[in-house]
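Working notes, beginning with the structure itself.
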There are 2 protein chains.
Amino acid sequence: MNVMNESPRRKELTRLAAQLFVQEGFDRTTVRMLAQEMGIKSGSLFHHFKDKQEILAAVIEEGTQNALAIARQSLKRCGSDPEARLRAMARAHLETLFADRNAHVVALFEWRRLDPAASAHLSHLRDAYEALWVDVIDAALNAGLIHGDRFLVSRFVLGALNWTVRWYDPNGSRTPDDLADELVGMIMAR
Amino acid sequence: MNVMNESPRRKELTRLAAQLFVQEGFDRTTVRMLAQEMGIKSGSLFHHFKDKQEILAAVIEEGTQNALAIARQSLKRCGSDPEARLRAMARAHLETLFADRNAHVVALFEWRRLDPAASAHLSHLRDAYEALWVDVIDAALNAGLIHGDRFLVSRFVLGALNWTVRWYDPNGSRTPDDLADELVGMIMAR
DNA sequence: CATTCACACTAGCGCTTGCTTGGTTACTCA
DNA sequence: TGAGTAACCAAGCAAGCGCTAGTGTGAATG
C-alpha cells in the first residue's frame, strides 16, 4: 500500500471514485467496479488506498478542501461590505458545488458511511467551512440586511443551497450566479 | 408471499424497517437484520414482502401518503388567505417530517435505491405533493407577499425545509412551528 | 371434524463482497 | 548497468448476501 500521500495517480483515482459513488452510491459501488473504471484490476486498488473506506474519505476531503479554499478566496476579494460578502459566499458555495459536483454530492449524502475516525477528522474541516458562513450571516444581521435568528437563518440558507444539487440543471438557462442572487434577494429585507 | 395488502402486521414491520434504514442505510441493512429487529427469522420476512425492494417502497409510500394527507387537511382548515396558507404548508411539512421522521429520511436520502417501476409510481405521489406547494407559492407571489421566480422560490423553500432533518433536534427548545414561522418570516417582503 | 389460512421455522444454494497474497513489469536514478 | 520502487496482475479466501424450498403450527372456517 501507498503511504497516505497525494500522488497525482491517487488524485485521478479519487476523481473517478467520486463519479461512481454518485452514480451508484457508496455501498453499491464494489471495488471491482472502481477498478474497472480506473482501468486496473481490483487487487491493484489496494496499492493506492488502504481500504474502501479510505477512498470515500479521500473523495470527501478533496471536495471540502476545495470549498474552503474557494470561499476564503472569494471573501478576501470582495471587501468588507456585508451584502457583498453574503452574495460572495452564496456564489462561492454554488460555484464549488457544481465545479466539484461529484465530490460534494458524496460529501452531502454519503457522510454517514464514514467510519468514526475519518468522520471526526472531516467534521473539523466542515466546521471550519460553516464558521465562515456564520460570520457572514452575523454581519448581515448586524447590518440589518436580513432578519431572524442567526442559527436558523444560516441553516435555512445552507439547506436551500445544498438542496440545489437535487434539481439544478447546469445545462439550463440559469447560471449558478443567478441562483445565488435570487436566494440573496429572497431573504433580504427590502 | 402475502398479497400487497396493508395488514396491520405489515404496517408494523414497515415502521421497524424505516428505523433500520435510517440507522444503517438501505444497502447496509440486511434482511437478517430486519428479521431480527422484527423478532422473526430472515426467511419469514418474505411472507410479508416480495423482496427487499418492496420493503423500501412500502416505507417511502407510507411517508409520502401521510405528508399528502396532512398537507391537504391543513390547507382545507386555514381558509384562503395567502399568508395563512403559506404558513400552514410550512408547518404541515415540518409536522409530518418529524412525526414520520424515519420514513421521510428514507424517502429523501434512499430514493435512488428504488427500482424503476417503484420509482415511477412514487414519483407521481411526490409530484402531487409538490404541486400543492407550487400553488401556495404562486398565490403568495401574486399577493406580493414574497418576491422572485416561482420555480426557484419553491425549490429554495423545500430545500431549506427538507434539510432540517439533518440538524433539527426535537428535544431542543424550538418547536417545528417555530421553524416554520421563522422561515416564512425570513422570505416575506416587509 | 376436516380443511384452510396466516405466519413462522430450518436449511442451505448460488453468488458477490472486501481484501490478501505472491509474484511480475516498467521506470528512475546512482 | 543494476538496485530500488511504484504500479500492476492472477488467483483466491472467508464471510456475508438475497432469496428459495419445504415443513410445522395454532386459530379460524366450512
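Small disclaimer: the values here were computed from a predicted structure and weren't measured. Letters A, B, ... mirror the listed sequences (proteins, then strands); counts begin at 1.
Which of D/dC8, D/dC19, C/dA8 sits closest to the side chain of B/R9 comes down to C/dA8. The side chain of A/T30 has C/dG18 as its nearest neighbour among D/dC8, C/dG18, D/dG18. Distance from the side chain of B/H47 is smallest to C/dC7 among C/dG18, C/dC7, D/dG18. Listed nucleotides: C/dA8, C/dG18, D/dG18. Nearest to the side chain of B/S44: C/dA8. With distances taken from any side-chain atom of A/K52 to the nucleotides D/dC19, C/dG18, C/dA8, the minimum falls on C/dG18.
Atom-to-atom, CZ of B/F46 to P of C/dA6 comes out at 19 Å; the value is rounded to the nearest Å. The interatomic distance linking A/R28 (CZ) with D/dG16 (P) rounds to 21 Å, in whole Å. One interatomic measurement links the two molecules: NZ of B/K50 to C1' of D/dT20, which rounds to 14 Å at whole-angstrom precision. Going from atom CD1 of B/I40 over to atom P of C/dA8 covers 5 Å, rounded to whole Å. If you take CG of A/L34 and P of C/dG18, they are 8 Å apart, rounded to a whole angstrom. The interatomic distance linking A/D27 (CG) with D/dG16 (P) rounds to 16 Å, in whole Å. At whole-Å resolution of the value, CZ in A/F49 and P in D/dA6 are 16 Å apart. Here the P atom of nucleotide C/dC19 and the CG atom of A/L45 are 10 Å apart, to the nearest Å.
The side-chain tip of A/K52 points at the ring of A/F26 from less than 6.0 angstrom away and within 45° of straight on. The cationic group of A/R166 lies under 6.0 Å from the six-membered ring centre of A/F109 and within 45° of the ring axis, placing it in a cation-pi geometry.
When heavy atoms are screened at a 4.0 angstrom cut-off, B/K41 is found touching base atoms of the nucleic acid.
More than 12 heavy atoms of other shown residues, nucleotides or ligands fall within 6.0 angstrom of atom CD in A/E130.
Judged by distance alone, with hydrogens and angles left aside, B/R32 brings no side-chain donor or acceptor close enough to the base of D/dG16 to form a pair under 3.5 Å.
Checking side-chain atoms of A/R101 against main-chain N and O of A/V165 turns up a donor-acceptor pair under 3.5 Å.
For the pair B/D51 and A/G39, both in contact range of DNA chain D, the more 5′-proximal nearest nucleotide belongs to A/G39. Comparing A/M33 and A/G43 against DNA chain C, the residue whose closest nucleotide sits nearer the 5' end is A/M33.
B/L86 and B/I70 fall into different hydrophobic clusters, where Ile, Leu, Val, Met, Phe, Trp and Tyr residues are linked whenever their side-chain heavy atoms come under 4.5 Å apart, directly or through other members.
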